[in-house]
Amino acid sequence: MLDPKQLRSEIDAVKANLARRGFELDVAQFNDLESTRKRLRVEVDGLRQARNERSKSIGQAKAKGQDIAPLLAEVGQLGDQLAKGEQALKQVEAALEHLVAGIPNLLHPEVPDGRDETNNVELRRWGTPREFDFEVLDHIALGEAGGGIDFDVAAQIAGSRFAVLRGNIARLQRALIQFMLDVHTGEHGYTEVYVPYLVSDRALFGTGQLPKFADDLFAIDGDVDLRLIPTAEVPVTNLVRDQILDAEVLPLKFVAHTPCFRSEAGSYGKDTRGMIRQHQFEKVELVHVVAPAMAAAALEELTANAEAILRQLELPYRVVALCAGDIGFGACRTYDLEVWLPGQQKYREISSCSNCADFQARRMLARYRDRDTGKPALVHTLNGSGVAAGRALIAVMENYQQADGTIKVPAVLQPYMGGRTTLEVE
RNA sequence: GGAGAGGUGCCGGAGUGGUCGAACGGGCUUGAUUCGAAAUCAAGUGUACGGCUUGCCGUACCGUGGGUUCGAAUCCCACCCUCUCCGCCA
């Protein structure tokens, strides 16, 4: 959520910033609602003041044993006026909140222009895609050949966009997850957390998935009102909701492994084959909660932490800065990590690292006590995949495949695979 | 699933209709004392929104939402959450 004060005082600048995303802010509607709100607010406050003063004098008169009937008559009609004013104010405030809750975050000035992913800017590349002296297979062929990935049986059980992993491939994904958690906790200073996979709408509002993106979420059909998490970002970031943190505890750095559930509404026909885009996938997520001054540096750190995973796995990747039109609702700046997939001869997203500044903090009411002012101030939140395990599995399979259909195990994963160096075709 | 208790400020904890934004204690900040510290003493210490003479004033907030009342932290209703005991259970 944007700062209401900023919306009031700099609405044109806000509008211009959001226009870069392709978001059109209805300034007239906002100004209209805001001025009505203010007028009603002053009116209602005044009425309440009058009522409070009279009520107080009734109490005093009563205590002295005086006749209170004239006072009661005087205050009588104030109540009706007040009730009417309060009703109108409530309506306007609700409309205003609805409007403001649907406005995306302001973009950082360095975000490149552009409408969609074709305008994203490559910042750097690491590693060199391997030269193969045989015909490379994609993960689907590799998985089906060895029986490690079974889309057909998954479809029987749950429908399309699910996969069943078996044997060494299932274990390889688990190895990737364990490896990532160990690196982030052991080398990067993160605290591992285990969190709910079902969350309340409040939590989803806090991180910005609601109210606008309900279609992307799975809701459970029962007597409790919960939805499946689309990313660990939701429960992990909400760890600091409704709090005033001591400045000394910042920065907080959390890592969590969770499954993620996405309905992928509106993505029909996109990546329908294979494990790239599933309703359910595993991810290791990184979250930073920092003082505002540290946010920019934290984004670089978090991105570097995710990159370290790909480097240790020796997977070629590139880093791109998302352009204005491709940045998510709550982020002011985002870097994507794209891993090389030989099966597609393309770099594909495997991590997305975002600085949300105070956007989520304001929705969650997550604050810290500023040392200089002594006042509570909003924290800044950042999140990024470190990294998506399902896609990492694909990347390892495709990049480490051999002519005979076997897959070499990356050196750093071997301890997690019982010392095995090669996965046989089963 | 059954029975009970409870949700108040940074924390603990009073408060059952009026002068309660809220006693008291702890914490924290500042000052006094000290060579310094501890101890002690004194003062201060919530959040949000709004008004204007920028320092004050006003309004709201005691789990959430309704209701009763001139007036609600306090009474009534619904809901949410937490805890304890019993049962069941990975």
Side-chain angles (χ1 to χ4, degrees), chain A residues 1-9 11 30-31 33-101 194-206 210 220 222-227 235 238-250 252 259 289 291 358 361-379:
Chain A
M1 206 133 68
L2 300 184
D3 182 358
K5 282 185 190 134
Q6 189 179 18
L7 275 170
R8 281 179 227 132
S9 60
I11 186 103
F30 177 83
N31 285 338
L33 284 168
E34 176 54 29
S35 62
T36 307
R37 184 194 68 82
K38 196 158 176 173
R39 200 196 73 232
L40 286 168
R41 181 76 206 212
V42 171
E43 187 183 313
V44 165
D45 275 4
L47 284 168
R48 268 203 278 249
Q49 184 183 1
R51 187 204 62 188
N52 288 349
E53 282 167 358
R54 281 164 184 70
S55 289
K56 197 174 273 189
S57 62
I58 288 173
Q60 287 165 348
K62 217 173 163 185
K64 291 179 195 159
Q66 296 167 342
D67 180 21
I68 59 169
L71 286 165
L72 284 177
E74 191 186 340
V75 79
Q77 64 176 7
L78 271 176
D80 300 339
Q81 263 180 285
L82 185 58
K84 243 187 252 172
E86 279 174 338
Q87 184 68 24
L89 180 61
K90 211 165 138 186
Q91 258 175 25
V92 171
E93 280 179 340
L96 200 55
E97 196 190 313
H98 179 77
L99 177 70
V100 173
Y194 170 80
V195 292
Y197 303 160
L198 290 165
V199 294
S200 67
D201 286 1
R202 255 164 66 84
L204 287 156
F205 178 86
L210 289 180
I220 65 163
D223 50 4
V224 283
D225 235 0
L226 296 170
R227 297 180 211 254
N238 273 280
L239 285 173
V240 296
R241 71 171 300 121
D242 294 320
Q243 288 184 59
I244 301 174
L245 301 161
D246 287 333
E248 300 87 72
V249 308
L250 303 179
L252 291 169
V289 178
D358 62 10
R362 190 171 289 108
R363 295 166 89 98
M364 295 189 301
L365 220 63
R367 296 167 295 176
Y368 75 106
R369 195 165 292 280
D370 186 286
R371 277 211 195 86
D372 298 330
T373 64
K375 295 277 183 190
L378 295 168
V379 297

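Letters A, B, ... mirror the listed sequences (proteins, then strands); counts begin at 1.
- Of the charged side-chain nitrogens involved, at least one lies within less than 4.0 Å of a carboxylate oxygen, so that A/R37 and A/E34 count as a salt-bridged pair.
- Listed by first and then second residue, the salt bridge (charged side-chain N to carboxylate O under 4.0 Å, His left out) pairs that reach into residues 87-101 of chain A are A/R41-A/E93, sequence neighbours excluded.
- Each of A/S55 and A/G46 lies near RNA chain B, and the nucleotide nearest A/S55 is the one positioned closer to the 5' end.
- When the P atom is used for both B/A39 and B/C52, the distance is 48 Å, rounded to whole Å.
- Straight-line distance from the CZ atom of A/R241 to the P atom of B/G63: 18 Å, rounded to whole Å.
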Output one line per pair: protein atom, nucleotide atom from nucleotides 45-50 of chain B, and distance, for all N/O pairs under 3.5 Å.
{"unit_1": "B/G50", "atom_1": "OP1", "unit_2": "A/R8", "atom_2": "NH1", "d": "2.5"}
{"unit_1": "B/G50", "atom_1": "OP1", "unit_2": "A/R8", "atom_2": "NH2", "d": "3.4"}

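- Atom CZ in A/R39 sits roughly 17 Å away from atom C1' in B/G51 (whole-Å rounding).
- Not counting sequence neighbours, the partners of A/R202 by the salt bridge (Lys or Arg N to Asp or Glu O under 4.0 Å) test are A/D242.
- A distance-only check finds no donor-acceptor pair linking the side chain of A/R241 to the backbone of A/R363 [under 3.5 Å].
- Both key distances under 3.5 Å define a Watson-Crick or G-U pair, and stretches of 3 or more such consecutive pairs in RNA chain B run B:1-7 with B:80-86, B:10-12 with B:24-26, B:27-32 with B:40-45, B:46-52 with B:55-61, B:63-67 with B:75-79.
- On the C1' atoms, B/C80 is 14 Å away from B/G66, given to the nearest whole Å.
- On the P atoms, B/C20 is 13 Å away from B/A73, given to the nearest whole Å.
- The shortest heavy-atom contact between A/V240 and A/M364 is CG2-CE, 4.1 Å.
- Distance noted for atom P between B/A3 and B/G18: 35 Å (whole Å).
- For A/E43, there are no salt bridge (Lys or Arg N to Asp or Glu O under 4.0 Å) partners, not counting sequence neighbours.
- Applying the side-chain hydrogen bond (donor to acceptor under 3.5 Å, both in side chains) rule to A/E86 yields the partners A/R48; only residues at least two apart in sequence or on another chain are considered.
- In terms of phosphate contacts, A/N52 brings no side-chain nitrogen or oxygen within less than 4.0 Å of OP1 or OP2 of B/G58.
- Take A/R227 and apply the side-chain hydrogen bond (donor to acceptor under 3.5 Å, both in side chains) test, not counting sequence neighbours, and it matches A/D201.
- When all heavy atoms of A/Y368 and A/I244 are compared, the closest pair comes out as C-CG2, 4.1 Å.
- The CG-P distance, from A/L365 to B/C61, rounds to 17 Å in whole Å.
- Among the heavy atoms of the strands, none lies under 4.0 Å from A/D246.
- Taking atom CD of A/E93 as the reference point, atom P of B/U59 lies 17 Å away to the nearest angstrom.
- Taking the P atoms as reference points, B/G25 lies 30 Å from B/C35, given to the whole Å.
- The two residues A/P235 and A/P196 make their nearest non-hydrogen contact at CG-O, 3.6 Å.
- Between A/D242 atom CG and B/U8 atom P the separation is 14 Å, expressed in whole Å.
- Qualifying side-chain hydrogen bond (donor to acceptor under 3.5 Å, both in side chains) partners for A/R39, counting only residues two or more places apart in sequence or in other chains: none.
- For the pair A/R48 CZ and B/A72 P, the computed distance is 11 Å after rounding to whole Å.
- The line from CG of A/L89 to OG1 of A/T36 is 10.5 Å long, rounded to the nearest 0.5 Å.
- Atom CG in A/L82 sits roughly 10 Å away from atom P in B/A72 (whole-Å rounding).
- Scored by the salt bridge (Lys or Arg N to Asp or Glu O under 4.0 Å) test, A/D3 finds no partners at all (sequence neighbours excluded).
- Here B/U69 presents its C1' atom at 10 Å from CZ of A/R51, a figure rounded to the nearest Å.
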Sub-3.5 Å pairs of nitrogen or oxygen atoms, protein against nucleotides 65-68 of chain B:
{"unit_1": "B/G66", "atom_1": "OP1", "unit_2": "A/K90", "atom_2": "NZ", "d": "2.3"}

Would you tabulate the pairs of protein nitrogen or oxygen atoms and nucleotide nitrogen or oxygen atoms of nucleotides 19-21 of chain B closer than 3.5 angstrom?
none

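- Spacing of P atoms, B/U84 relative to B/C79, comes out at 23 Å, to the nearest Å.
- Scored by the salt bridge (Lys or Arg N to Asp or Glu O under 4.0 Å) test, A/R362 finds A/D358 as partners (sequence neighbours excluded).
- B/A32 sits 23 Å from B/G46 when the P atoms are compared, rounded to a whole Å.
- Between A/V289 and A/L239, the closest side-chain pair of non-hydrogen atoms is not below 4.5 Å.
- One C1' atom belongs to B/U68, the other to B/C56, and the distance between them is 36 Å to the nearest Å.
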